[in-house]
Amino acid sequence: MVDIRAAAADVARVVSHWGRVEALDDASCRLHMSVDTFEWPTVVLTSVGADFEVVRPAELRDYLRATGERFARAGSRLGSARPEEN
């Protein structure tokens, strides 16, 4: 369960049938997804493009933290690629 700082209708367009979105107010909503792994919610949350807070489970917070750190490391190495790889 994740609280997203975006309108429910905007989030629902991205999530489609992969989850359930409920409005909390005009500018935020709660996303419910039933999944076996955290890869798909990570893709969905990235696609939404809004700030969010993981309500539960704590393991999703841990997974997102580790994934974010991996992306940050990759981003910090951006200039180190050989010219032919850019």
Side-chain angles (χ1 to χ4, degrees):
M1 183 179 343
V2 178
D3 289 349
I4 303 175
R5 290 176 195 87
D10 295 338
V11 174
R13 278 192 285 280
V14 174
V15 172
S16 185
H17 64 280
W18 300 106
R20 182 172 55 87
V21 179
E22 68 176 279
L24 297 175
D25 56 38
D26 290 343
S28 64
C29 61
R30 180 165 284 172
L31 171 62
H32 302 266
M33 295 180 79
S34 179
V35 297
D36 295 326
T37 66
F38 295 133
E39 288 86 359
W40 185 244
T42 302
V43 171
V44 168
L45 291 167
T46 301
S47 298
V48 167
D51 289 339
F52 61 90
E53 179 181 347
V54 175
V55 177
R56 66 174 191 256
E59 293 85 3
L60 177 57
R61 278 192 293 273
D62 297 341
Y63 182 86
L64 291 171
R65 184 178 305 109
T67 300
E69 290 168 356
R70 187 175 309 114
F71 276 88
R73 285 191 303 275
S76 68
R77 294 190 299 259
L78 189 60
S80 65
R82 296 190 311 238
E84 65 273 12
E85 293 177 351
N86 288 331

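Nothing fancy with the numbering, it's 1 onward along the sequence.
Partners of Ala23 under the side-chain contact (heavy atoms from CB on, under 4.5 Å) rule, at least two apart in sequence or in another chain, are Ala8. Residues passing the side-chain contact (heavy atoms from CB on, under 4.5 Å) test with Asp62 are Arg65, sequence neighbours excluded.
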Val48 and Leu31: side-chain contact (heavy atoms from CB on, under 4.5 Å), yes or no, with the steps?
CA-CA 11 Å; Val48 167; Leu31 171 62; 5.9 Å; no
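In this structure, Asp3 and Arg30 approach most closely via the heavy-atom pair OD1-NE, 2.6 Å. For the pair Phe52 and Ala50, the tightest heavy-atom approach, listed with the atom from each and the gap, is CD2-O, 3.5 Å. Between Val54 and Pro57 the shortest heavy-atom distance is CG1-O, 3.6 Å. Scanning all heavy atoms of the two residues, the minimum distance from Ala7 to Asp26 falls at CB-O, 3.6 Å. Between Thr37 and Val35, the shortest heavy-atom contact is O-CG2, 3.1 Å. Between Trp18 and Met33, the closest heavy-atom pair is O-CE, 3.5 Å.
Using a 4.5 Å cut-off on side-chain heavy atoms (C-beta onward), Ile4 and Leu45 make contact.
Tyr63 and Phe38 have tilted rings, their planes meeting at an angle from 30° to 60° on a 0 to 90° scale.
No donor-acceptor pair closer than 3.5 Å links the side chain of Arg20 to the backbone N or O of His32.
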